[in-house]
Asks: 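What follows is a single structure, and I will ask about it in a moment.
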There are 2 protein chains.
Amino acid sequence: MLESTGRGRRGRRRILSEDEILDAALTLVDEGGPSAASVRGIAARVGVAPNAVYTYFPDKAAVFSALVERLLGDVNHDVFADRTQPWRRRVESLALELRQQLAAHPGAVPLLISSPMNGPHALALNERVLELLTDAGLDSADAARASYLLIAYVFGSIALEIAGVDKPGSLPPETERIAGRHRALSTALADRYPLSAAAAATVAGYISTEQYLWGLHRLLDGIITTSPHVPDSR
Amino acid sequence: MLESTGRGRRGRRRILSEDEILDAALTLVDEGGPSAASVRGIAARVGVAPNAVYTYFPDKAAVFSALVERLLGDVNHDVFADRTQPWRRRVESLALELRQQLAAHPGAVPLLISSPMNGPHALALNERVLELLTDAGLDSADAARASYLLIAYVFGSIALEIAGVDKPGSLPPETERIAGRHRALSTALADRYPLSAAAAATVAGYISTEQYLWGLHRLLDGIITTSPHVPDSR
DNA sequence: ACCTGAACACCGTTCAAGT
DNA sequence: ACCTGAACACCGTTCAAGT
């Protein structure tokens, strides 16, 4: 990727960039999920032969992991990084921004869920979460475990949300998603799974984002219980 | 699937069963993840022509979702279902059994993560979690949100664990996985991501199961804070 | 150095035909 | 009713060739 920049160029000039390829890949992923983003499809979209893609990325997996990195990099960190804010607000902001970014690209969620989280943006994110939890007053051991808990919850709930959708495409609006879940459960299953049906009905009274935040704050409550002297900052 | 059983049979007899196909699919998934379990590969493994599979399942997606259902059905519910046990122990047991089942089939985790959770076993599981939380003293609204939180955490942490592995195959033993994470972070990145490196070192002092349980119990602590009169049962 | 056409070894799925 | 061979429309990736 880098070694061609500095040297004296010879031969043909590059006709496109890594970013243009990622743009094409993201469009296809948005439209139909990972399976819809074939190397051939990407190449067609940017107007080159399929094998030209291999000049920019070693293989398809590299395209996908670069795409995941870019999506993580586009998450808004403003409030999260602001150390003058109360820490609960900072965590909440990050959780919401991450969720929003993934909700904007539901087709990419399967990629994110199963990606190794070892790119620079992923590591930077983890680093900042640890920083924040240390700021909040946790010792380094608790901060490490708490950040794991936090990230697992955020990713898990996003995965659950996407999994309910029939097929990639775009995520229907919250109200429709809730109605759908309600419908699916209450139609014929209420007698077999009464509690689940009741739960769906209850949850339908709240918008899903509130449920997400409820879980987040219960989780933060739990983290605080181990370090009783952490100021709550609520 | 069912309609052929009751009628008078005519024509050729079935040469295999849905279960045999799922066995073959699971073997391939265990060996190389979802992408290694092709319809053609499954057919070859049970000794039929590729298209014979379509007599048993309408398409490949149906094979995968039946496989997910079976894996969920094989989770041990004994302690979890035992209402004489303290509720914390019951939740812990379920969380550990689920984790163990998925750790035994890491290649299947991507399937589980992105599956809609609408099969009978998935619903039954959700139903029992709600039952348990209600038993514990939560009202139905809190039980609904708490079960969502719980399930999101379990799935998310399992996803994170699997995502770190280079390629499907079998999950290396915990000690090796921890060492690997430690190595990956501390090698050259310690100066750029000091907190992450320190966190990896700290966590390496614990086995990963303990970290998982730590998160689970913090989460339960947090759930309790909303319903102050729930007996803790620890 | 980058791009191309052609090829290789695969896919999931369908269809007409056999028993 | 179930299974088969053959085919269709795809894949990701490689390789030799052009500029």
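Each chain gets a letter, A, B and so on, in the order its sequence line appears, and its residues count up from 1. Just so it is clear, the model here is predicted, and its values are computed rather than measured.
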Asks: Just the rounded figure in Å: distance from P of C:dT4 to CG of A:Leu16.
Replies: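 Interatomic distance, CG of A:Leu16 to P of C:dT4: 9 Å.
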
Asks: If you only use heavy atoms from C-beta on, which nucleotide in C:dC2, D:dG12, D:dT4 is closest to the side chain of A:Tyr56?
Replies: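 That would be C:dC2.
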
Asks: Quickly work out the A:Arg40 CZ to C:dA7 P distance and round it to whole Å.
Replies: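 The answer, rounded to whole Å, is 13 Å.
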
Asks: Of the nucleotides D:dT13, C:dT13, C:dC11, which one has an atom closest to the side chain of B:Asp59?
Replies: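 Nearest listed nucleotide: C:dT13.
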
Asks: Just by distance, with hydrogens left out, do B:Arg99 and B:Thr209 show a side-chain donor and acceptor under 3.5 Å apart?
Replies: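 Looking only at side-chain atoms, B:Thr209 and B:Arg99 do form a donor-acceptor pair, the distance falling under 3.5 Å.
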
Asks: How long is the line joining CZ of A:Phe64 and C1' of D:dC11, in whole Å?
Replies: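 After rounding, the reported distance stands at 12 Å.
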
Asks: Given C:dT13, D:dC11, D:dT4, which nucleotide is nearest the side-chain atoms of B:Val48?
Replies: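 Among the listed nucleotides, the one closest to the side chain of B:Val48 is D:dT4.
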
Asks: With sequence neighbours excluded, what pairs up with A:Glu92 under the side-chain contact (heavy atoms from CB on, under 4.5 Å) test?
Replies: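 Here the qualifying residues are A:Leu96, A:Leu213, A:Leu216, A:His217.
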
Asks: Starting at CZ of A:Arg13 and ending at C1' of C:dA1, how long is that distance when rounded to a whole Å?
Replies: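 Computing the A:Arg13:CZ to C:dA1:C1' distance gives 10 Å.
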
Asks: Report yes if some heavy atom in the side chain of B:Leu98 is under 4.5 Å from a heavy atom in the side chain of B:Leu72; otherwise report no.
Replies: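 They are in side-chain contact.
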
Asks: Rounded to the nearest angstrom, tell me the gap between atom CZ in A:Arg14 and atom C1' in C:dC3.
Replies: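 Spelled out: CZ on A:Arg14 to C1' on C:dC3 is 12 Å.
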
Asks: So, A:Asp23 and A:Arg70, do they make that salt bridge, N to O below 4.0 Å?
Replies: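 A salt bridge is present here (some side-chain N lies under 4.0 Å from a carboxylate O).
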
Asks: Do the non-hydrogen side-chain atoms of B:Val39 and B:Tyr54 ever get within less than 4.5 Å of each other?
Replies: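 The answer is yes, as the side chains (C-beta and beyond) meet within the 4.5 Å cut-off.
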
Asks: Within this structure, what is the CG-to-C1' distance between A:Leu28 and D:dG12, rounded to whole angstrom?
Replies: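 Taking CG of A:Leu28 and C1' of D:dG12, I get 15 Å after rounding.
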
Asks: Return yes if some donor-acceptor pair links the side-chain N/O of A:Glu69 with the main-chain N/O of A:His121 below 3.5 Å, else return no.
Replies: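 It does hold such a pair.
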
Asks: Please enumerate all protein N or O atoms sitting under 3.5 Å from an N or O of nucleotides 14-18 of chain C, with distances to 0.1 Å.
Replies:
| from | atom 1 | to | atom 2 | distance (Å) |
| --- | --- | --- | --- | --- |
| C:dT14 | O4 | B:Asn51 | ND2 | 3.3 |
| C:dC15 | N4 | B:Asn51 | ND2 | 3.3 |

Asks: Starting at atom CZ of A:Phe57, determine the distance to atom P of C:dC2, rounded to an integer number of angstrom.
Replies: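 Between P of C:dC2 and CZ of A:Phe57: 13 Å.
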
Asks: Which nucleotide in the list C:dC3, D:dC3, D:dC11 gets nearest to the side chain of B:Thr55?
Replies: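 That would be D:dC3.
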
Asks: Taking side-chain contact (heavy atoms from CB on, under 4.5 Å) as the test, write out the residues that go with B:Ala49, two or more places apart.
Replies: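 So B:Ala49 forms a side-chain contact (heavy atoms from CB on, under 4.5 Å) with B:Asn51.
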
Asks: With sequence neighbours left out, which residue pairs that include part of residues 36-48 of chain A fulfil the side chain to side chain donor-acceptor pair (under 3.5 Å) condition?
Replies: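 Qualifying pairs, neighbours excluded: none.
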
Asks: What is the distance from NZ of B:Lys60 to P of C:dC11, rounded to the nearest Å?
Replies: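 To the nearest whole Å, that distance equals 9 Å.
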
Asks: Who passes ring pair (Phe, Tyr, Trp, His ring centres under 6.0 Å) against B:Tyr153, sequence neighbours left out?
Replies: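 B:Tyr212.
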
Asks: For DNA chain C, produce a single dot-bracket line, 5' to 3'. Pairs: Watson-Crick or G-U wobble, both distances under 3.5 Å. Symbols: ( ) within strand, [ ] crossing, | other strand, . unpaired.
Replies: ||.|||||...|||||.||

Asks: DNA chain C: A:Ile15 or B:Ala37, which has the more 5' nearest nucleotide?
Replies: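 The residue whose closest nucleotide sits nearer the 5' end is A:Ile15.
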
Asks: Using the side-chain heavy atoms of B:Ala52, tell me which of these nucleotides is nearest: C:dC3, D:dC3, C:dT13.
Replies: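 So the nucleotide nearest the side chain must be D:dC3.
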
